[in-house]
Amino acid sequence: MKYDYLVVGAGLFGAVFAYEAKKQGKTCLVIDKRNHIAGNVYTENVDGINVHRYGAHIFHTSDKEIWDYVNQFAEFNNYINSPVAVYKDELYNLPFNMNTFSKMWGIKTPKEAQEKIEEQRREAGITEPKNLEEQALSLAGRDVYEKLIKGYTEKQWGRPCTELPAFIIKRLPFRFIYDNNYFNDRYQGIAMGGYTKIVEKMLEGTEVKLNTDYFDFIKENPDIAGKTLFTGMIDEFYQFKLGHLEYRTVRFETEKLEMENYQGNAVVNYTDREVPYTRIIEHKHFEFGKQPVTIISREYSSEWKPGIEPYYPINDEKNNALFAKYRELSDQEENVIFGGRLGNYKYYDMDKVIRAALDLCEKELY
Ligand code: FAD
Ligand code: UDP
């Protein structure tokens, strides 16, 4: 055995593990099939603008330990995510807060907003929300659901809101104060200079092989390491033998524009069904950029197919049940550990991925 661990995937999960393993005197070989490190948090500098190649990444957490942990690797700026939603020719602040309600109904006070929502909630007659639609209707009423949630969610997930789990919408704050902060977390910001640098630092002193797919590599190097940490798709690891887990993928259409400021905000969501993309990201605004040009990405969401990148696990009942079966198989592995968004088939944010990786280190390394 040449290494203690073969780490498959140079994303955040794999990089945190490799960093901690190195500190404990263990050796890792990190491989990734992409031509760069950092997985989905990869950023690249184009004309002085850090472009989030795989979608906007805003770091936010309430976990002080994780906040301190990432701050070892980068300084974070004071960016606060406050997306704007465009519905036809109307414009609303997100998340759902007094600015949204005031614009929607021409009201001013929390009491008026609460009454309006209560009235719509009563009309919908939902007591125990069983799916995303019912959850949204009972939280925000019909107007907010129809204008700001239904179209966006169905584009994003490719399924009717009645077939999606309620937890997806519970990710978003819903509040009766004038506050457009998209997150409730105590800590928030963007890694200054891009996220790639964080992963670069984590992997300093560890051997990394890019453009290397695990399934080819392991055939030729079966005894390369004592154990494998696999952060790719768990169903692919088992050659899909129990069936395919479903994922959503996103196509990013990125464009450089010869103007300083295209949309006046980093994130603008398009919430009606007719506009084919879900949102437009203007990357420079994450770091308050003043460059004479700007770079924007339109995000088109679609179902995952072999050969393209999977991004979002679809944690509905059907897929969770299939994942549980793969989990039974993986629990029997002595020398393979599964981790990350794809290995654990979980809609993890960055802070949760780091937490999960550190929990694994706790069990495995110390
Ligand atoms: P990944 O980053 O996917 O890394 C897995 C790596 O494994 C990849 O590089 C892949 O190429 C490699 N790999 C897979 N299979 C193989 C194989 N067979 N052989 C070799 N290599 C392989 N989180 C936030 O906190 N805030 C946000 O604003 C946010 N926005 C997001 C927006 C989008 C569009 C997406 C998709 C995610 C977002 N996230 C956000 C979540 C964040 O991206 C993840 O939590 C994090 O990147 C997961 O890290 P990971 O290491 O588990 O997976
Ligand atoms: N959502 C919505 N309208 C919006 C933004 C989000 O209905 O304008 C819903 C949608 O279902 C989405 C979920 O809220 O999947 C969570 O949004 P978030 O921004 O957290 O999604 P992410 O892209 O970070 O996974």
Side-chain angles (χ1 to χ4, degrees), residues 6-17 30-42 52-61 66 70 81 83-87 92 94-96 100 132 135-136 140 144-145 147-157 159 161 164-165 167-173 182-183 185 188 190 195 199 209-218 229-234 236-237 247-250 252 267-271 278-279 281 286 297 299 301 309-313 339-344 346-354 356-357:
L6 172 65
V7 176
V8 182
L12 266 185
F13 195 100
V16 167
F17 184 84
V30 178
I31 62 169
D32 203 297
K33 62 181 176 184
R34 296 183 186 174
N35 63 3
H36 59 76
I37 58 165
N40 287 344
V41 308
Y42 178 69
H52 297 212
R53 166 99 77 89
Y54 302 96
H57 277 75
I58 301 116
F59 199 95
H60 56 99
T61 189
I66 297 300
V70 288
N81 198 30
V84 164
V86 175
Y87 175 79
Y92 294 94
L94 290 174
F96 315 117
T100 327
L132 196 153
Q135 182 69 62
V144 171
Y145 172 66
K147 290 188 170 178
L148 301 180
I149 298 176
K150 189 172 192 293
Y152 186 94
T153 299
E154 296 192 352
K155 282 193 285 189
Q156 163 92 354
W157 295 98
R159 287 155 176 73
C161 290
L164 286 165
F167 85 86
I168 291 180
I169 198 69
K170 286 201 261 174
R171 282 168 62 86
L172 302 190
Y182 201 59
F183 303 113
D185 285 316
Q188 182 174 174
I190 301 286
Y195 292 93
V199 177
K209 270 169 127 20
L210 298 175
N211 302 305
T212 304
D213 190 284
Y214 169 75
F215 301 102
D216 302 328
F217 182 77
I218 202 68
L229 167 62
F230 187 82
T231 72
M233 292 157 64
I234 188 168
E236 186 179 23
F237 183 88
Y247 302 85
R248 291 296 283 175
T249 191
V250 185
F252 302 97
V267 184
V268 177
N269 290 2
Y270 287 82
T271 58
T278 49
R279 56 188 178 191
I281 304 302
F286 287 123
S297 301
E299 297 189 5
S301 188
E309 292 290 346
Y311 291 117
Y312 294 97
R341 232 189 202 202
L342 303 174
N344 285 338
K346 225 174 182 169
Y347 188 12
Y348 278 136
D349 280 327
M350 293 183 272
D351 61 325
K352 300 291 185 311
V353 156
I354 295 173

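Counting starts at 1 for both ligands and their atoms, in listed order. Sequence positions, counted from 1, serve as the residue numbers for this chain.
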Item checked: Nearest protein heavy atom with distance in Å, relative to atom 3 (N) of ligand 2 -> Leu148 O, 2.8 Å
Next item on the list: Quick one: look up the protein heavy atom nearest atom 14 (O) of ligand 2 and list residue, atom name and how far away it is.
Entry: Leu172 CD1, 3.5 Å
Item checked: Flag, side chain of Thr271 to backbone of Lys147, donor-acceptor distance under 3.5 Å -> yes
Next item on the list: Work out which heavy atom in Glu299 is nearest to a heavy atom in Ala56; give both atom names and the distance.
Entry: OE2-N, 4.0 Å
Margin query: I'd like to know if the side chain of Arg248 and the backbone of Gln156 have a donor-acceptor N/O pair within less than 3.5 Å.
Written below: yes
Margin query: Counting non-hydrogen protein atoms only, what is the nearest one to atom 15 (O) of ligand 2? Give residue, atom name and distance.
Written below: Trp157 NE1, 2.8 Å
Next item on the list: Taking only heavy atoms of Ile168 into account, list the atoms of ligand 2 that are under 4.0 Å away from them.
Entry: 11 (O), 13 (C), 15 (O), 16 (C)
Check: Which residue owns the protein heavy atom closest to atom 1 (N) of ligand 2, what's the atom, and how far is it?
Finding: Tyr152 CD2, 3.6 Å
Next item on the list: Considering only non-hydrogen protein atoms, determine which one is nearest to atom 21 (O) of ligand 2 and report residue, atom name and distance to 0.1 Å.
Entry: Tyr347 OH, 3.3 Å
Note to self: Under 4.0 Å from a heavy atom of Leu94: which atoms of ligand 2 are those, numbered in the order shown and with their elements?
What the structure shows: 8 (O)
Checklist line | Heavy-atom nearest neighbour in the protein, as seen from atom 18 (P) of ligand 2, with distance rounded to 0.1 Å | finding: Tyr182 OH, 3.6 Å
Checklist line | Contact partition for Arg279 relative to ligand 2, non-hydrogen atoms under 4.0 Å | finding: side chain
Checklist line | Distance (rounded to the nearest 0.5 Å) between Glu154 CD and Leu132 CG | finding: 9.0 Å
Checklist line | Residue shell around ligand 1, heavy atom under 4.0 angstrom | finding: Val8, Gly9, Gly11, Leu12, Phe13, Asp32, Lys33, Arg34, Gly39, Asn40, Val41, Tyr54, Ala56, His57, Ile58, Thr212, Asp213, Tyr214, Phe215, Thr231, Gly232, Tyr311, Tyr312, Gly340, Arg341, Tyr348, Asp349, Met350, Val353
Check: Is a side-chain N or O of Gln135 found less than 3.5 angstrom from the main chain of Lys170, in a donor-acceptor match?
Finding: no
Notebook entry, point to check: Any idea which heavy atoms bring Ser301 and Thr278 closest together, and the distance?
Noted result: CB-CG2, 4.5 Å
Item checked: Aromatic plane relationship, His60 with Phe183 - under 30° parallel, 30 to 60° tilted, over 60° perpendicular -> parallel
Notebook entry, point to check: For ligand 2, which atoms, with element, lie under 4.0 Å from some heavy atom of Ile149?
Noted result: 7 (O)
Check: Starting from atom 5 (C) of ligand 2, which protein heavy atom do you reach first, and at what distance in Å?
Finding: Asn269 ND2, 3.4 Å
Notebook entry, point to check: Can you name the closest pair of heavy atoms from Tyr182 and Pro95 and give their distance?
Noted result: CA-CD, 3.6 Å
Next item on the list: Answer with yes or no whether Lys150 contacts ligand 2, where contact means a heavy atom under 4.0 Å from a ligand atom.
Entry: no
Next item on the list: Can you pull out the closest protein heavy atom to atom 9 (C) of ligand 2? Residue, atom name and distance to 0.1 Å, please.
Entry: Ile169 CD1, 3.6 Å
Next item on the list: Return yes if a side-chain donor-acceptor contact under 3.5 Å exists between Arg171 and Tyr347, otherwise no.
Entry: yes
Next item on the list: Could you tell me whether some N/O pair between Thr271 and ligand 2 is separated by less than 3.5 angstrom?
Entry: no
Next item on the list: Find all atoms of ligand 2 within a distance of less than 4.0 Å from any non-hydrogen atom belonging to Arg171, and give their numbers and elements.
Entry: 16 (C), 20 (O), 22 (P), 24 (O), 25 (O)
Checklist line | Straight-line distance of Tyr54 OH to Arg34 CZ, nearest 0.5 Å | finding: 4.0 Å
Margin query: Could you check whether any side-chain N or O of Thr212 sits under 3.5 Å from a backbone N or O of Asp32, counting only pairs where one atom can act as donor and the other as acceptor?
Written below: no
Notebook entry, point to check: What's the shortest heavy-atom distance between Leu148 and Tyr152, and which atoms?
Noted result: O-CB, 4.0 Å
Item checked: Nearest-0.5 Å distance that lies between atom CG in Leu6 and atom NZ in Lys209 -> 11.0 Å
